[in-house]
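To start, the structure itself, in structure tokens.
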Amino acid sequence: MSATDHLPETHMAETDAGLLRFLTCGSVDDGKSTLIGRLLFDTKTILADTLSAIERTSHRRGLDAVDLSLLTDGLQAEREQGITIDVAYRYFSTGTRKYIIADAPGHEQYTRNMVTAASTANLAIILIDARKGILTQTRRHSYLAHLMGIPHIVVAINKMDLVDYDQAAFERIRTDYLSFAAHLGIKDIHFIPMSALKGDMVVDRSEQMNWYSGPTLLDVLEKAPTAHSEMDEPFRFPVQFVCRPHKSDDAKLHDFRGFMGRVESGRISIGDAVTVLPSGKQTRVKDIRVLDSSFPHAYAEQSITLLLEDEIDISRGDMIVQSEKSALVTRQLDAMVCWLAETPLDLQRKYLIRQTTRESKAVIATIGFRVDINTLDHIAVERLEMNDIAHISLRLAQPLNIDAYAKNRATGAFIIIDESTNNTVAAGMIL
Amino acid sequence: MSNLAQLPKHTLSHLDWLESESIYILREVAGQCANPALLFSGGKDSIVLLRLAEKAFRPGRFPFPLLNIDTGHNYPELLAFRDYRAAQLGERLIVRSVEDSMRRGTVVLKSPDELRNKHQSVTLLEAIEEFGFDCCIGGARRDEEKARAKERIFSFRDEFGQWDPKNQRPELWDLFNARVHKGENIRAFPISNWTELDVWQYIGREQLEIPAIYFSHQRPIVRRSGLLQPVTELTPAHPGEAIEQMMVRFRTLGDVTCTAPVESDADTLEKIILETASTTITERGATRLDDQTSEASMEQRKKEGYF
């Protein structure tokens, strides 16, 4: 690279609208697999050999038409049981934007999978069967999408072909959904009538629904804001790795101390005042580097190396933040958690908590309440089991540098690790 | 939506986003693992990995050696490129070969011409034990194959190197968990979220050197089971098969006995990118002889410790 190269912002082409991660929630019965198959098929992502393989399977099963839901069949065990067990990631591109779909199974016992899929998504598609309207699972999916901080919701009212493309059916579901969404506090919602099976309003419009003048699903996806693009977030830079190439033959590198990491939110410029957490020591940014090049600014989601004006002791797990908008340094916190492991939470035990690049021992001091994800009622409980969502308080051996999850998903999220198995046993959102 | 009107200014292009995520993953490996290694074959995906490692760790050295498992049936162009690139970067390259495992008796072929690809798993596990690696970084992508679509970016393997698809660690946000007990290890896949097209676009953008056989070249070929089979010393034509001189290139490069080229005139990166964007056959469908045995064959090999 030469010094005239630029950080990614400037080689963003006019036609490249970046990358959007979204999640689909629903069960096979709602046509979720068919919807994903339809998106992949109509954007010409599916190639001839894959298509002929599912054609053969469709015929073997005695179906007249190609069953697009077969495209998302994953593991052997899943094919045998005809269900989806785990989150699958799928990819497609429209030429202007690249998409990553997190495809999560919809049943109640798979709450942990939906939470996993939602953790990296910026938009959720919630499927509703137009014949059935809002079901318990619709409330569950909406609550979880909201809990996981997904800012944009698309309610796909599917199987419109089975209600004769009736506008009144669509409007009724829309009204019902809006009344309970207001209760949850979901702000940005789009409603789209569609038939994934027939291809109506997924990628192509529909002659059957001239009464609907809004965008198709793909229109919404193409224009939906990507992560970090909407709020003016403070600068957060968890240090992943410290580069000290002092044994190098190059004398210029003897004093090189680069702090390597990814800008998790906000932006930074050379000369900006920064604070190192948890020590609280202050300095300024001397340089922003990638390979041999220096850049005046860096933005959220860019992986860079920061050089600082003063020699401060900084290691992995520390966080460099904007001095005027620092994060909270604390040894105790309240959070909503989803218990992920088959082994229940043990209040007697110490766990390991990982937040950003930092780890600490932790004890769960109290369980406030469990949320019934179907009714949203709060229930007093003594223990947490797999798929439970609950409010807990934690005490920490080491301070963490935190923001509320609702303000900052990167610095407000954590996982809990069981050191005896090293398994990830819970996911948490700091309140 | 309320704010559909204008895209934000600081949206990264999709390649920049993917690059940054991959660098983040490589740095997490370096930060969390005591003794990792990066699997480098000289193939296009691992060439991308090395470029990402440069961006992640320079001006420092890579915090891991490069490791290659040689089946003894690799294209010489690939091995030459592997050695050239490792020397150019000044990084340590460790090579362990399936033929050594065969001499030790830990790999036993059912017949002399059995495909060696799946036996790489044994040699890999032996290398992991020999050097005590707690993490191997590989260039696998989720778009390659159905079983890969459900694999984690940090994928846990027990002390037998086994992958259990029903017992994977939950992976949320970018909070990767690389903790292992002694003998267990992690396979980390920094380009999980890339597609074949992304890889070629990135090679094009970064102007990366690649082995010449990725570009269109003339080669003796026979047509067999719907695929093009290169005629080599290891893979001679069967009696009665017509040998044609064809213009071909490789979309994927592995063992000579199991990777087939595709007919192509693409002799520049630009043409390869165009061809990839408009292809009608998947990467493995067009080129892999070892994945066609059954729909679940990749899943099966991964359970046995394959990458």
Side-chain angles (χ1 to χ4, degrees), chain A residues 8-9 11-13 16-19 47-50 74-77 85-91 98 100 112 115-116 119-120 152 188 190 223-226 229-230 240-241 243 245 248 253 256 260-262 290-291 299-303 316 340 354 357 409 413-415 417 422-424 427, chain B residues 1-4 7-21 23-24 27-28 30-31 54-61 63 142-143 146-147 149-150 165-166 168-175 177 179-181 184 192-193 195 197-198 205 279-282 285-286 295-296 299:
Chain A
E9 33 139 354
H11 47 69
M12 180 179 77
D16 197 324
L19 182 147
L47 300 178
D49 54 327
T50 309
L75 303 168
Q76 201 171 6
I85 294 169
D86 206 341
V87 182
Y89 295 90
R90 320 210 174 258
Y91 305 85
K98 176 178 164 123
I100 304 178
R112 65 177 194 152
V115 165
T116 301
S119 70
T120 50
H152 304 284
D188 186 37
H190 253 273
K223 288 179 181 155
T226 52
S229 63
E230 296 171 277
Q240 289 185 277
F241 196 74
C243 178
S248 158
L253 291 178
F256 187 96
M260 297 176 150
R262 185 171 62 178
V290 176
L291 280 178
Y299 300 96
E301 302 195 313
Q302 292 181 326
S303 287
R316 176 178 165 84
L340 306 167
R354 174 195 294 280
T357 56
R409 289 172 84 180
F414 62 86
I415 55 173
I417 296 168
N422 285 324
N423 199 8
T424 304
Chain B
M1 282 173 210
S2 47
N3 32 20
L4 280 183
L7 280 167
K9 280 185 192 140
H10 307 310
T11 299
L12 302 191
S13 76
H14 81 280
L15 278 186
D16 291 328
W17 189 93
L18 290 170
E19 177 190 66
S20 181
E21 183 194 43
I23 292 170
Y24 173 84
R27 288 171 173 170
E28 279 306 288
E54 283 187 277
K55 293 203 178 189
F57 301 113
R58 294 292 187 242
R61 299 277 308 268
R142 283 173 177 157
D143 83 317
K146 277 178 173 181
K150 302 206 166 183
K166 278 178 270 182
Q168 299 194 77
R169 286 182 185 171
E171 196 163 81
L172 294 99
W173 300 287
D174 293 317
L175 295 173
N177 175 0
R179 299 178 71 90
V180 289
H181 292 302
E184 302 165 341
S192 286
N193 284 326
T195 62
L197 182 59
D198 297 327
R205 185 182 94 176
T279 184
T280 58
I281 308 284
T282 60
E295 266 195 284
E299 189 179 339

Would you mind checking which part of [X] comes under 4.5 Å of any heavy atom in chain A, side chain (CB onward), backbone (N, CA, C, O), both or neither?
| X | answer |
| --- | --- |
| Trp17(B) | side chain |
| Glu171(B) | backbone |
| Arg169(B) | both |
| Leu197(B) | neither |

Item to check | Which of Asn193(B), Leu18(B), Asp198(B) touches chain A most, by non-hydrogen pairs under 4.5 Å | outcome: Asn193(B)

Next on the checklist: Between His181(B), Glu54(B), Arg58(B), who has the most heavy-atom pairs with chain A when the cutoff is under 4.5 Å?
Outcome noted: His181(B)

Next on the checklist: Could you work out, with side-chain hydrogen bond (donor to acceptor under 3.5 Å, both in side chains) as the rule, every residue matching Glu28(B), not counting sequence neighbours?
Outcome noted: Gln240(A), Arg316(A), Gln32(B)

Checklist entry - Partners of Ser192(B) by side-chain hydrogen bond (donor to acceptor under 3.5 Å, both in side chains), sequence neighbours excluded? => result none

Checklist entry - At a heavy-atom separation under 4.5 Å, does Tyr89(A) approach chain B through its side chain, its backbone, both, or neither? => result both

Checklist outcome for this item: Whatever's closer than 4.5 Å to a heavy atom in chain B on Ile415(A) counts as both

Item to check | Expected output: side-chain Thr116(A) to main-chain Arg112(A) donor-acceptor under 3.5 Å | outcome: yes

Checklist entry - Is a side-chain donor or acceptor of Arg262(A) paired with a backbone partner of Glu21(B) at a separation under 3.5 angstrom? => result no

